[in-house]
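Counting starts at 1 for both ligands and their atoms, following the listed order. All values reported here derive from a predicted model rather than from experimental measurement.
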Amino acid sequence: HLSQCYNLFDFEAVARRVMKTTAWGYYSSAADDEITMRENHSAFHRIWFRPQVLVDVEHVDFSTTMLGTRCSIPFYVTATALGKLGHHEGEVILTRAAHKHNVIQMIPTLASCSFDEIVDAKQGDQVQWLQLYVNKDREITRKIVQHAEARGCKGLFITVDAPQLGRREKDMRSKFTEQGSNVQSGQDTDNSQGAARAISSFIDPSLSWKDIPWFKSITKMPVVLKGVQRVEDVIRAIEVQADGVVLSNHGGRQLDTARSGIEILAETMPVLRARGLQDKIEIFIDGGIRRSTDIIKALCLGARGVGIGRPFLYAMSAYGQDGVEKAMQLLKDEMEMNMRLIGCARVEDLNPSLVDTRGLFVHSNSTAADALSQTVYDPLVVPSQ
Ligand code: HOC
C-alpha cells in the first residue's frame, strides 16, 4: 500500500510487480549489461559527507532557482518517453503532481500524450521545459520549438547523447506491440526490437556543434544540451553559448560503461572554477538519484539542480498521481532532514567542503561481474505477467 512506501525504491518494487512485461521492459531496461545504470546510483555511495556542526538549522529552505524559475526543491521531472505504458492517463499525471509540489516538468518529445495535452494540464504559473529529439527535417524541429515557446515553455533541452539508439535487450526481448506513442515518424516503425526502436527512427544522427547557434537563433528559451559526458564538451557548450548542460548518460540506456553524471560533475567543476567559467552556464545532472542525499551531494559539487525520471514513472505506474505526489513529498521530507544533518539551512550554503570525493574516481572491478550475474542469470529480468 502507498502508506508503506518509505522511499523511492519502494515504488520500483511495486511497479515491477504490477506493470505489464512490455512496460516494465521498456522503463527499466538500459544498455547492454546495464553497468552504467547501476553505476549511476552507486557512484553516489562513493561520496561521503563532511557535515558541519553548530549551525542554526531550525528553519531550512531548500527552494532554488533553475534557468530563472523559482522552484520548491532542486529537482525537476526529467523527460521519459511513453508515459501511457505505465498509466492510462500518461504524462499529465506527472504534470498534475509537479504542480502540487511546485516542481518543474520537462516535456518529452516522445510522450504518449500530445504536447498540447501536457501543456493544457498545467495550472497557474506552473513551469514546463521541452526535451527535444532533433528531427531529420529541421522545419519540423523549428515548428516544435517555436510552438513550445508560444505555449509558454521556459527551457529547451536538446538531447545530444542519442545519435543512435542504445541496445536495451530487456526491451527487445519483450517484443513491443502496443501503440503507446503519439509520435508521427512518417516512416514504418519496427516493433520487433522493443519500444524504443519503434519510436525513434526520425531522429537525426548528423546533429553537431555547428547546429547549436541555429537553435539559439530560433528561440528565446534558454538552450540546454542534455547528455554531455565530459568537461571538454561542457567548455564547448559554453563556447557556443548554451545556457546549460545536463551531465547525463540517458539513464544508462545509451552507451554502457559511460560514467555517471555525478562523476562527470566532479571532473567538470574544478576545471570551470580554475578557468573562471563556473558562472557562465547552469549545470544539471541526472541518473540514479533516489535519495535527498544524492541531490545534496550534486549541489555541493556545483549542480544547479538534478533530473529524476524512472522513480516518478514507477510511482505513477504503481499508484497514479497519488504515488508521484508521495514520491515527491518523501524527497522533500528527506531533504529537510538531511540539510539539517549536514549543517546547512539554505541551498546557497552547500559547497564542496561538505563532501569527501576521494573515493569517487576509484572504480571497482567487481561491477562487471555484478552486471553479468544480474542481467544474464536473473530470471526476473523480464518478469512473467
Ligand atoms: C536514437 C533514439 O529516451 C529512451 C527514450 C527514447 C530514446 C530514443 C533514442 O528510450 O531512452
Side-chain angles (χ1 to χ4, degrees), residues 19 21-32 34 36-37 40 76-86 90-91 94 105-113 115 118 129-137 140-141 144 156-176 178-208 211 224-229 246 248-256 258 261 284 286-288 307-314 316-317 382:
M19 287 174 74
T21 304
T22 45
W24 173 258
Y26 179 62
Y27 286 177
S28 68
S29 62
D32 297 357
E34 305 190 339
T36 289
M37 180 171 69
N40 278 347
Y76 56 89
V77 180
T78 196
T80 46
L82 300 182
K84 285 189 183 172
L85 288 182
E91 292 79 9
L94 302 173
Q105 176 190 26
M106 191 190 295
I107 302 177
T109 296
L110 298 176
S112 299
C113 298
F115 173 82
I118 301 171
W129 294 331
L130 174 69
Q131 174 269 332
L132 184 73
Y133 282 118
V134 178
N135 199 297
K136 288 173 186 158
D137 180 338
I140 294 179
T141 292
I144 292 171
L156 175 65
F157 285 65
I158 305 170
T159 295
V160 295
D161 58 13
Q164 178 178 342
L165 187 69
R167 192 179 158 86
R168 300 96 183 254
E169 293 168 11
K170 205 190 302 174
D171 184 29
M172 292 163 76
R173 283 193 185 101
S174 73
K175 297 274 187 280
F176 177 70
E178 298 173 43
Q179 283 304 310
S181 168
N182 74 83
V183 177
Q184 301 296 313
S185 70
Q187 298 176 21
D188 289 342
T189 54
D190 172 5
N191 292 348
S192 65
Q193 295 184 74
R197 195 167 305 272
I199 57 175
S200 63
S201 52
F202 69 93
I203 295 168
D204 186 358
S206 78
L207 183 70
S208 73
D211 294 305
V224 180
L225 306 183
K226 177 174 178 291
V228 171
Q229 302 194 43
V246 185
S248 164
N249 52 44
H250 209 116
R253 293 162 76 81
Q254 288 295 102
L255 177 66
D256 201 18
F284 303 92
D286 69 28
I308 300 181
R310 283 190 187 92
F312 296 141
L313 283 182
Y314 294 140
M316 175 184 82
S317 306
V382 178

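- Donor-acceptor pairing under 3.5 Å is lacking for the side chains of K226 and S248.
- Contacts of L110 with ligand 1, taken as heavy-atom pairs under 4.0 Å, involve the side chain alone.
- For T159 and Q131, the side-chain atoms include at least one donor-acceptor pair closer than 3.5 Å.
- Near R168, meaning under 4.0 Å from any of its heavy atoms, are these atoms of ligand 1: 4 (C), 10 (O), 11 (O).
- In this view, Y76 and W129, F284 satisfy the ring pair (Phe, Tyr, Trp, His ring centres under 6.0 Å) rule, not counting sequence neighbours.
- Partner of L207 under the side-chain contact (heavy atoms from CB on, under 4.5 Å) criterion, chosen from I158, N135, T141: I158.
- Contacts between Q164 and ligand 1, counted as non-hydrogen atom pairs separated by less than 4.0 Å, involve the backbone only.
- With no hydrogens or angles considered, no side-chain donor-acceptor pair links R167 and Q254 at under 3.5 Å.
- Here I203 has side-chain heavy atoms under 4.0 Å from ligand 1, and that is the only part of it that gets that close.
- The option with the heavy atom closest to atom 6 (C) of ligand 1, from among Y133, F202, Y27, is Y133.
- In the vicinity of Y26, heavy-atom distances shorter than 4.0 Å reach the ligand 1 atoms 4 (C), 5 (C), 6 (C), 10 (O).
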